[in-house]
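Okay, structure first, notes after.
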Amino acid sequence: MAYWLFKTEPSAFSLEDLKSRPNQTEHWDGVRNYQARNFLRDAVALGDLVFIYHSNIAQPAVVGIAEVVRAGYPDHTALNPQGDHFDPKATPQNPIWYMVDVRYRQALATPVTLEQIKQIPQLSDMPLVKRSRLSIQPVTPQQWETILRLGSPVP
DNA sequence: GCCAACGTTGGC
DNA sequence: GCCAACGTTGGC
């Protein structure tokens, strides 16, 4: 089983939005970057766990955990000319873009902010810290453990 | 809202 | 295939 980090702007789609969906499940659509697409298409697998990260806000942070409940399949929103994620080059035969389905698992007791993450030496290799704009990122088991611990303080 | 970093596009 | 122009992301 692998670990991932998915970025989202909470003004568009937040962890709370995921939690309130039917079955607490939603398509992770709209990824329009090839490196991120490759992860979704080829690597993100059923049962993998995902940190949900809120970006573009005052305190960007890892806020919760979701589970992959369907592996990569064509992102049909690329075919909808009325939608925000339309790509005129995508066709049913060559969908170009892919998505997965994720289900809400839990919110972290304490969100782990980017500011915190940047201060932890063993997290310095994360794409997040290297200021990559990559919206789908692999997370190592060690990084997962470290962030989980920070987000689940012992009372 | 600014702007640096990054990714994509398209002319040559 | 290079690279300048342009568009987007996302921290601040």
Side-chain angles (χ1 to χ4, degrees), chain A residues 2-21 26-44 48-66 68 71-102 104-140 142-153:
Chain A
Y3 299 107
W4 303 94
L5 182 147
F6 289 6
K7 285 188 198 172
T8 183
E9 297 190 26
S11 60
F13 186 79
S14 69
L15 182 69
E16 282 305 304
D17 292 331
L18 178 62
K19 188 180 182 179
S20 65
R21 289 295 194 266
E26 188 54 282
H27 324 290
W28 203 268
D29 63 44
V31 172
R32 295 293 179 268
N33 165 283
Y34 286 102
Q35 200 182 349
R37 185 281 309 266
N38 292 346
F39 284 132
L40 291 178
R41 187 189 57 188
D42 307 330
V44 178
D48 285 356
L49 293 180
V50 178
F51 278 141
I52 302 299
Y53 175 86
H54 283 173
S55 68
N56 241 317
I57 50 175
Q59 285 270 37
V62 175
V63 294
I65 297 173
V68 177
Y73 63 106
D75 179 349
H76 53 72
T77 65
L79 301 174
N80 175 13
Q82 267 71 48
D84 289 340
H85 303 302
F86 178 61
D87 181 348
K89 294 199 289 276
T91 65
Q93 291 70 35
N94 179 27
I96 304 179
W97 305 111
Y98 284 74
M99 61 187 180
V100 301
D101 290 355
V102 295
Y104 176 89
R105 270 274 193 108
Q106 64 175 102
L108 294 184
T110 312
V112 180
T113 65
L114 179 61
E115 193 179 7
Q116 279 178 281
I117 290 171
K118 286 162 101 175
Q119 288 168 2
I120 313 269
Q122 57 267 47
L123 298 179
S124 62
D125 283 339
M126 294 186 76
L128 208 55
V129 176
K130 293 176 170 172
R131 290 178 94 228
S132 162
R133 302 183 318 187
L134 194 57
S135 58
I136 305 289
Q137 315 184 353
V139 174
T140 69
Q142 292 78 10
Q143 291 163 348
W144 182 272
E145 262 311 301
T146 302
I147 291 175
L148 200 55
R149 232 178 281 259
L150 287 170
S152 321

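In what follows, every chain begins at residue 1, and chains take the letters A, B, ... in the order their sequences are listed.
A distance-only check finds a donor-acceptor pair linking the side chain of A:Asp48 to the backbone of A:Ala2 [under 3.5 Å].
Looking at residues two or more places apart in sequence or on another chain, you find no side-chain contact (heavy atoms from CB on, under 4.5 Å) involving A:Ala71. Residues satisfying the salt bridge (charged side-chain N to carboxylate O under 4.0 Å, His left out) criterion with A:Arg149, sequence neighbours excluded, are A:Glu145. In this structure A:Gln116 satisfies the side-chain contact (heavy atoms from CB on, under 4.5 Å) test together with A:Val112, A:Thr113, A:Leu150, sequence neighbours excluded. Residues that satisfy the side-chain contact (heavy atoms from CB on, under 4.5 Å) test with A:Asp125, not counting sequence neighbours, are A:Lys130, A:Gln143.
In the model, A:Thr77 has a side-chain atom that pairs as donor or acceptor with a side-chain atom of A:Arg32 under 3.5 Å. Remark: the A:Asp17 side chain and the A:Ser14 side chain contain an N/O donor-acceptor pair separated by less than 3.5 Å.
Between A:Phe39 and A:Tyr34, every side-chain heavy-atom pair lies at or beyond the 4.5 Å cut-off.
Interface residues of residues 28-43 of chain A facing DNA chain C, ordered by number: none; criterion, heavy-atom separation under 4.0 Å.
For the pair A:Arg133 and A:Asn56, both in contact range of DNA chain B, the more 5′-proximal nearest nucleotide belongs to A:Asn56.
A:Ile57 comes within 4.0 angstrom of no nucleic acid atom, judged by non-hydrogen atoms across all strands.
Of all nucleotides in DNA chain C, those with any atom nearer than 4.0 Å to a heavy atom of chain A start and finish, going 5' to 3', at C:dG7 to C:dC12.
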